[in-house]
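Written out below as structure tokens is the structure these notes cover.
Order of the sequence lines fixes the chain letters, A, B, ..., with proteins taken first and strands second; residue numbering starts at 1 for each chain. Just so it is clear, the values below take in all heavy atoms, side chains as well, and ignore hydrogens, waters and symmetry mates.
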Amino acid sequence: MLLGWWDTAARDLPWRRPDCTAWGVLISEIMLQQTPVSRVEPIWHEWLARWPVPSAMAASSQGEVLRMWGKLGYPRRAMRLHEAATAIARDHGDVVPSDIETLESLPGIGSYTARAVATFAYGQKCAVVDTNVRRVVARAVHGAGDAGPPSTKRDLRDVEAILPEDQHDAAVFSAALMELGALICTAKNQKCADCPLYTECAWQLAGRPAYAGPEKKVQKFAGTDRQVRGKLLDVLRGAPGPVPKIQLDVVWNDVTQREKCLVSLLSDGLVEQSHDGLFHLPGEGIVEQSHDSSPSARRIVQQSHDGLFPPPDRGIVQQSNKGTI
DNA sequence: CATCCGTGGGG
DNA sequence: TCCCCAAGGAT
């Protein structure tokens, strides 16, 4: 069945190897949220080499993490992972927690990721429900063409109901369910002929009826704030240091949307503005050696002016380093 | 519960 | 070309 198929068909991914730490598993799970394996794998290796333990990442700036994140997308994931690393180092002895409740209390870790870490890093027996699993269950168990809208409670119950008794088997089963959804029981162009569940799949036995549920909405991207934010952040990622606002202005014509997105990036902590008016990744502002008695003290250079942002009538964001008026 | 949050590759 | 995603989470 599924366990046998796993032994022969599972991909040899680095975060599945026996010597991979729970920290390595956690990083992979965060990166794999909405991002394909092929793009995650090389970055994952770089991250593990650079930050072998959570405290190592906690010691780096957020900007450094964002740079290493590169273009994996949804950079808030990187910010939250940095936050989580800080909390793990500070509150959990630099050890990734193993219980679902504690994991879920960490930023960026929801139901899926908490259960994935508990299962794949610690071998626990618990339901792991992602979009692949929901689709496999919808077909193999319910005979539907695809999963309907998520229903956390019901989805969890469905998977718990089919989990093997044995703890180790259950963990492998969970991984196999996801792998089946990723390789065979895909959303489109599914490879039923190669499926280990072919003879018992409810969908197959029912003649593979088309999906009947509510239509799934496809998110637009072109022209959205998401695209604009991506362009703005890409400028800062590509620059070695703080940049003047004019370099951000050129990436998008619509001034209103551009300003709105810049403000939202500042609000999200993905971008910072120095007192000299330049924009930079978080933690990468201009610093100078302090003249304080304490040798390690550093501070952001401050220039005299009336405030970070100019009065509303002069626009949203300060453009020069001359201060207001 | 619906919407928002990036990105690059495949059909 | 354009459309549709690909191992979610937070609000």
Open item on the list: I want to check something: taking the side chain as every heavy atom from C-beta on, are A:F279 and A:V235 in contact at a cut-off of under 4.5 Å?
Closed with: no
Open item on the list: A:W6: which residues meet the side-chain hydrogen bond (donor to acceptor under 3.5 Å, both in side chains) condition with it, sequence neighbours left out?
Closed with: none
TODO: Could you check which residues of residues 103-128 of chain A get a heavy atom under 4.0 Å from DNA chain C? Sort them by number, please.
DONE: A:P107, A:G108, A:I109, A:G110, A:S111, A:Y112, A:T113
- [ ] Look only at the side chain of A:S267 and the backbone of A:V263, and say whether a donor-acceptor pair between them is shorter than 3.5 Å.
- [x] no
TODO: With the side chain counted from C-beta on, respond yes when A:M79 and A:V65 share a heavy-atom pair under 4.5 Å apart, and no when they do not.
DONE: no
If you look only at distance, which donor and acceptor atoms sit under 3.5 Å apart when one is on a side chain in residues 20-28 of chain A and the other is two or more places apart or in another chain?
unit_1: A:T21; atom_1: OG1; unit_2: A:G24; atom_2: N; d: 3.0
unit_1: A:W23; atom_1: NE1; unit_2: A:W51; atom_2: O; d: 2.7
unit_1: A:S28; atom_1: OG; unit_2: A:V25; atom_2: O; d: 2.7

- [ ] Could you identify which residues of residues 133-163 of chain A place a heavy atom less than 4.0 Å from some atom of DNA chain C, listed by residue number, or say none?
- [x] none
Task: Close side-chain approach of A:E104 and A:I100, heavy atoms under 4.5 Å - done: yes
Open item on the list: Taking B:dG11 as the reference, what is the distance to C:dA7 when you measure between their P atoms (whole Å, please)?
Closed with: 15 Å
Open item on the list: Let me spell it out: for each of A:R76 and A:K216, pick the nucleotide of DNA chain C with the closest heavy atom. Which residue's pick is nearer the 5' end?
Closed with: A:K216
Task: Criterion side-chain contact (heavy atoms from CB on, under 4.5 Å) on A:L2 and A:V172, from CA distance to verdict - done: CA-CA 9 Å; A:L2 210 47; A:V172 176; over 6 Å; no
Open item on the list: Counting only heavy atoms and a strict 4.0 angstrom limit, can you tell me which residues of residues 220-237 of chain A come near DNA chain C?
Closed with: none
Task: Separation of C:dG8 P from A:Y74 OH (nearest whole Å) - done: 10 Å
Open item on the list: Would you compute the distance between atom CG of A:L236 and atom CZ of A:R67 and round it to the nearest 0.5 angstrom?
Closed with: 8.0 Å
Task: Check: A:P54 and A:H92 side chains under 4.5 Å, non-hydrogen atoms - done: no
Scan the side chains in residues 197-209 of chain A for donor-acceptor partners under 3.5 Å anywhere in the protein, sequence neighbours excluded, and list what turns up.
unit_1: A:W203; atom_1: NE1; unit_2: A:P209; atom_2: O; d: 2.8

- [ ] Mark yes when over 12 heavy atoms from residues, nucleotides or ligands other than A:D7 sit less than 6.0 Å from its CG; otherwise mark no.
- [x] yes
Open item on the list: Distance check, rounded to the nearest 0.5 Å: A:L180 atom CG versus A:T186 atom OG1?
Closed with: 9.5 Å
Task: Over 12 foreign heavy atoms within 6.0 Å of NZ, A:K231 - done: no
- [ ] Assign A:V40 to base, sugar-phosphate, or nothing according to its heavy-atom contacts below 4.0 angstrom with the strands shown.
- [x] nothing
Task: Span of DNA chain B in contact with chain A (heavy atoms, under 4.0 Å) - done: B:dT3 to B:dG8
Task: Nucleotide C:dG8, atom C1' - distance to CZ of A:R80 in whole Å - done: 10 Å
Open item on the list: Nearest whole Å is fine: how far is C:dC5 C1' from A:Q219 CD?
Closed with: 11 Å
Task: Stretch residues 174-190 of chain A: residues that reach within less than 4.0 Å of DNA chain C through a heavy atom - done: A:M178, A:A187
Task: Within-4.5 Å side-chain heavy-atom neighbours: A:P14 and A:R17 - done: yes
Just distance, no hydrogens or angles: give the donor-acceptor pairs under 3.5 Å from side chains in residues 143-160 of chain A, sequence neighbours left out.
unit_1: A:D155; atom_1: OD2; unit_2: A:R134; atom_2: NH1; d: 3.3
unit_1: A:D155; atom_1: OD2; unit_2: A:S151; atom_2: N; d: 2.9
unit_1: A:D158; atom_1: OD2; unit_2: A:H142; atom_2: NE2; d: 3.0

Open item on the list: For the P atoms, the ones on C:dG9 and on B:dG8, what distance do you get once it is rounded to whole angstrom?
Closed with: 23 Å
Task: Those residues of residues 5-17 of chain A lying under 4.0 Å from DNA chain B by at least one heavy atom - done: none
- [ ] For nucleotides C:dC5 and B:dT3, find the distance between their P atoms and express it as a whole number of Å.
- [x] 16 Å
Could you give the side-chain donor-acceptor pairs of residues 107-116 of chain A under 3.5 Å, partners two or more places apart or in another chain?
unit_1: A:Y112; atom_1: OH; unit_2: A:E29; atom_2: OE1; d: 2.6
unit_1: A:T113; atom_1: OG1; unit_2: A:Q33; atom_2: NE2; d: 2.8
unit_1: A:R115; atom_1: NH1; unit_2: A:A127; atom_2: O; d: 3.0

TODO: For residues A:D234 and A:K71, determine if any side-chain heavy atom of one lies less than 4.5 Å from a side-chain heavy atom of the other.
DONE: yes
- [ ] Could you tell me the separation between the CE atom of A:M79 and the P atom of C:dA10, rounded to a whole number of Å?
- [x] 15 Å
Task: Side-chain heavy atoms of A:E259 within contact of A:D249, under 4.5 Å - done: yes
Task: Steps toward side-chain contact (heavy atoms from CB on, under 4.5 Å) verdict (A:W15, A:V37) - done: CA-CA 11 Å; A:W15 45 86; A:V37 168; 4.2 Å; yes
Open item on the list: Tell me which residues in residues 26-33 of chain A lie within less than 4.0 Å of DNA chain C, going by non-hydrogen atoms.
Closed with: A:E29, A:L32, A:Q33
TODO: Test salt bridge (Lys or Arg N to Asp or Glu O under 4.0 Å) on A:E179 and A:R16 and set out the steps.
DONE: CA-CA 12 Å; A:E179 190 74 342; A:R16 288 176 175 169; 2.6 Å; yes
Open item on the list: Contact between A:C185 and A:Q190 at the side-chain level, heavy atoms closer than 4.5 Å - yes or no?
Closed with: no
